[in-house]
Amino acid sequence: MLNFTQYISDEMAMCQFGAKLMRIASQMTAEKAIVFYLSGDLGAGKTTLSRGMIQSLGYEGKIKSPTYTLVEEYHLAEQSIYHFDLYRLSDPEELEFMGIRDYFNPHSICLIEWAEKGQGLLPEPDLIIQIDYADDARNLTLQVRSKQGQQIVQQLIASQIDNSIT
């Protein structure tokens, strides 16, 4: 499967990359939810990336980390975005009690931080976005895990080629 790596210099670049990624994902015709696992150490930029993704679709309110609520919901005209943070999850079975399966429908995009804590109950991701420190900057690696994920990365690569030509 295809992987893609991007150097991110600062917070603004993280939001811009998230916006580009979300614009591509939101234009796809999906038969199921589009699922992104966001992986990285504490403070690496998972919520910043999520903020860029969510705001790119026109959401103007505050984007906060769902660390204590487990999920924040953003309902937009055509889609719903669910931002999960499972860091404080003590048992994956808690996800059953909150009706986790209801979030994953063809009109939703799910951003899941600390997905390993929900192992066995979460659907497989389309993309795993690994965020690693690179001094004061970050390296993002997109690991393709599905056909949908591959289409997103191929369009992302094509858009970057188009931008470098013009």
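Excluded from the calculations below are hydrogen atoms, water molecules and symmetry mates; all remaining heavy atoms, backbone and side chain alike, are included. Everything numeric here is computed off the predicted structure, so don't read it as measured data.
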[X] atom [atom1], neighbour heavy-atom count above 12 within 6.0 Å:
X: H107; atom1: NE2; answer: no
X: M12; atom1: CE; answer: no
X: D136; atom1: CG; answer: no
X: E116; atom1: CD; answer: yes
X: F4; atom1: CZ; answer: yes

A side-chain contact here means heavy atoms from C-beta on lying under 4.5 Å apart; do [X] and [Y] qualify?
X: V153; Y: Q155; result: no
X: Q55; Y: E60; result: no
X: Y74; Y: I109; result: no
X: L95; Y: L89; result: yes

(request) Identify the heavy atoms of S108 and Y103 that sit nearest to each other, and give their distance. (result) OG-O, 2.7 Å
Atom pair [atom1]/[atom2] of [X] and [Y] - distance to nearest 0.5 Å:
X: K117; Y: E94; atom1: NZ; atom2: CD; value: 10.5 Å
X: R23; Y: I152; atom1: CZ; atom2: CD1; value: 14.0 Å
X: L49; Y: R138; atom1: CG; atom2: CZ; value: 11.5 Å
X: I81; Y: L76; atom1: CD1; atom2: CG; value: 5.0 Å
X: T69; Y: R88; atom1: OG1; atom2: CZ; value: 11.0 Å
X: F17; Y: S56; atom1: CZ; atom2: OG; value: 12.0 Å

Please check if [X] and [Y] belong to a single hydrophobic cluster, counting links between Ile, Leu, Val, Met, Phe, Trp and Tyr side chain heavy atoms closer than 4.5 Å.
X: L21; Y: I54; result: yes
X: I157; Y: I129; result: yes
X: I8; Y: I131; result: yes

(message) Suppose we screen for salt bridge (Lys or Arg N to Asp or Glu O under 4.0 Å). Which residues come up paired with E11, at least two apart in sequence or across chains?
(response) R51
(message) I want to check a possible cation-pi pair here: K32 against F104, using under 6.0 Å from ring centre and within 45° of the ring axis as the test.
(response)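 No, K32 does not sit over the ring of F104.
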(message) Between I34 and C110, is the side-chain contact (heavy atoms from CB on, under 4.5 Å) condition met? List the steps.
(response) CA-CA 6 Å; I34 297 172; C110 298; over 6 Å; no
(message) For the residue pair S146 / Q150, report whether a side-chain donor-acceptor contact shorter than 3.5 Å exists.
(response) no
(request) Indicate whether the side chain of E73 and that of H83 have a donor and an acceptor atom separated by less than 3.5 Å. (result) no
(message) Looking at V35, is its backbone amide N or carbonyl O close enough to the side chain of D126 to form a donor-acceptor pair, meaning the two atoms are under 3.5 Å apart?
(response) yes
(message) I'd like to know if K46 and D85 make a salt bridge, using a cut-off of under 4.0 Å between side-chain N and carboxylate O.
(response) no
